[in-house]
Amino acid sequence: MGFLEYHLYLILAAIVLELVIGDPKFFPHPVVIIGKMIAFMDKKWNKEKHRRAKGFLLLGAVTVITYISIGMVVYLAGRVSFWAGAALEVYLISSTIAIKGLQQAGEEVGNPLREGDLPLARKKLSYIVGRDTEALDESEIVRGTVETVAENTVDGITAPIFWALIGGAPLAMVYRAVNTLDSMVGYKNERYEAFGFASARFDDLVNWIPARMTAVCMWLAAWFYPTRKKGNAWRVTLRDASKHPSPNSGWPEAMTAGLLGVQLGGVNTYKGVVSNRSKIGNPLTELKTEHIAQSITIMHGGWLVFILFLSGWLIVN
């Protein structure tokens, strides 16, 4: 058995584990440790001169430490027994995937919205987006949720799977470390514009292939749903994906908007500051609560076809 085939079996087991247990709160999550390491280095290095150079050092230190640490732990477990090493890798890979968590996040907004409880829906949305949610109406709550589900299909599912296939748990965890770096220091503000430059650009790089593959997989999965607007989806994706502030998030978001026939993007506020984002998609239909469940279906279809594609590619080769 080649290492890619072995990694695919680990990924399949990790997906099953994640779908069953999700992210158990009683068990320590490796990303929490990574986050504490980043926060410590941020405090020590993000000051005075040469912040951009220190940012490159941060990226290198966090990724190398993560890879070596996870690799060593997996190696030592494998020395105990093959199954101990495999089981540990399955758990570690599952901790980088958030299929169940992403579905639950969408449903926790959609359920109160369906019952007409806008205050609770706004509160639940505030847990998964950075924008102000206190005054949003139904369509804006739906927009925020659909955008989150779409773009996190890459960050939370397909990208860690892609890197796990190539390098097992160590590389999957390095991807999660890069993703965490971007979320913690990859901001374009006075404090982080220089220090977080390397982390933000590297996060763009590691998501480049998975984002585009995910959009294609979402489109292929849509053929199982006759009501999806597949022709519109390709036109929207090719036209609007590049309008997104992220060079990668626009692909799954534009594909989702096109398949649903809705328009995403527009005006957001962050702590009272207005931000105008380019609009993505054609408003063929008004955003409604049911679009949240439909975006979750697109998310599931995307990662399932993604796995089938990787499996088929390995079989052929």
Side-chain angles (χ1 to χ4, degrees), residues 18-25 98-157 183 218 221-222 224-230 232-233 236 240 244-245 249-250 252-304:
E18 197 276 335
L19 289 172
V20 172
I21 68 171
D23 181 15
K25 304 302 180 185
I99 301 171
K100 186 174 182 178
L102 189 53
Q103 176 178 329
Q104 288 177 337
E107 289 175 344
E108 286 180 359
V109 179
N111 291 339
L113 199 56
R114 193 160 39 249
E115 296 169 3
D117 191 345
L118 262 65
L120 182 57
R122 292 174 184 137
K123 182 178 180 180
K124 293 294 185 180
L125 178 62
S126 72
Y127 296 159
I128 59 174
V129 299
R131 71 194 67 173
D132 301 336
T133 63
E134 295 84 358
L136 298 184
D137 60 14
E138 178 188 349
S139 66
E140 286 298 297
I141 294 171
V142 172
R143 177 169 74 87
T145 309
V146 170
E147 289 172 351
T148 299
V149 171
E151 65 183 62
N152 280 285
T153 301
V154 177
D155 291 354
I157 307 173
S183 67
M218 286 176 164
F224 292 94
Y225 296 91
T227 58
R228 299 287 185 263
K229 299 170 176 59
K230 293 171 281 291
N232 178 65
V236 166
D240 294 345
H244 197 282
S249 296
E253 195 169 306
M255 181 58 72
T256 299
L259 289 170
L260 295 177
V262 300
Q263 189 171 74
L264 304 176
V267 178
N268 299 326
T269 60
Y270 299 88
K271 296 182 179 179
V273 179
V274 175
S275 173
N276 285 290
R277 262 185 51 184
S278 297
K279 292 183 178 180
I280 294 176
N282 301 317
L284 304 179
T285 183
E286 185 180 353
L287 281 161
K288 295 290 185 182
T289 302
E290 57 264 27
H291 287 127
I292 294 177
Q294 291 172 15
S295 71
I296 293 172
T297 301
I298 292 171
M299 174 268 286
H300 282 305
W303 73 259
L304 281 166

- Looking at CE of M299 and CD1 of I296, how far apart are the two atoms once the value is rounded to the nearest 0.5 Å? 6.0 Å
- Query: What pairs with D240 under salt bridge (charged side-chain N to carboxylate O under 4.0 Å, His left out), at least two apart in sequence or on another chain?
  - Reply: K243
- Which atoms form the tightest heavy-atom contact between I128 and V109, and what is the distance? CD1-CG2, 4.2 Å
- Message: Looking at every non-hydrogen atom in both residues, tell me the closest pair between G144 and V129 and how far apart they are.
- Response: O-CG1, 4.0 Å
- Got a sec, which pairs hit side-chain hydrogen bond (donor to acceptor under 3.5 Å, both in side chains) with one end in residues 285-299, sequence neighbours left out? E138-T289
- Keeping to residues at least two apart or across chains, list the side-chain hydrogen bond (donor to acceptor under 3.5 Å, both in side chains) pairs with something in residues 98-109. Q103-E107, Q103-H300
- Message: According to side chain to side chain contact (heavy atoms under 4.5 Å, CB included), who are the partners of N152, at least two apart in sequence or on a separate chain?
- Response: L102, T148, D155
- Message: So which atom in I292 and which in G106 form the shortest heavy-atom distance, rounded to 0.1 Å?
- Response: CG2-O, 3.5 Å
- Query: Taking atom CG of L287 and atom CD of E140, what is their separation to the nearest 0.5 Å?
  - Reply: 8.0 Å
- Could you tell me which non-hydrogen atom of A254 sits nearest to which non-hydrogen atom of I280, and how far apart they are? CA-CG2, 3.5 Å
- Task: Identify the heavy atoms of V236 and N282 that sit nearest to each other, and give their distance.
- Result: CG2-ND2, 3.5 Å
Quick one: side chains of residues 260-274, donor-acceptor pairs under 3.5 Å with protein atoms, not counting sequence neighbours, listed by atom name and distance.
{"from": "Q263", "atom 1": "NE2", "to": "G281", "atom 2": "O", "distance (Å)": "3.1"}
{"from": "N268", "atom 1": "OD1", "to": "R131", "atom 2": "NH1", "distance (Å)": "3.4"}
{"from": "N268", "atom 1": "OD1", "to": "R143", "atom 2": "NH1", "distance (Å)": "3.4"}
{"from": "N268", "atom 1": "OD1", "to": "R143", "atom 2": "NH2", "distance (Å)": "2.7"}
{"from": "N268", "atom 1": "ND2", "to": "Y270", "atom 2": "OH", "distance (Å)": "3.4"}
{"from": "T269", "atom 1": "OG1", "to": "D132", "atom 2": "OD2", "distance (Å)": "3.1"}

- Yes or no on side chain to side chain contact (heavy atoms under 4.5 Å, CB included) for I298 and R228, after CA distance, side-chain angles and deciding distance? CA-CA 10 Å; I298 292 171; R228 299 287 185 263; 3.8 Å; yes
- What pairs with L19 under side chain to side chain contact (heavy atoms under 4.5 Å, CB included), at least two apart in sequence or on another chain? I15, I99, W303
- Query: Taking T133 for the side chain and R122 for the main chain, is one N or O donor matched with an acceptor at less than 3.5 Å?
  - Reply: yes
- In terms of heavy-atom contacts, G302 and A221 come closest through N-CB, 4.2 Å
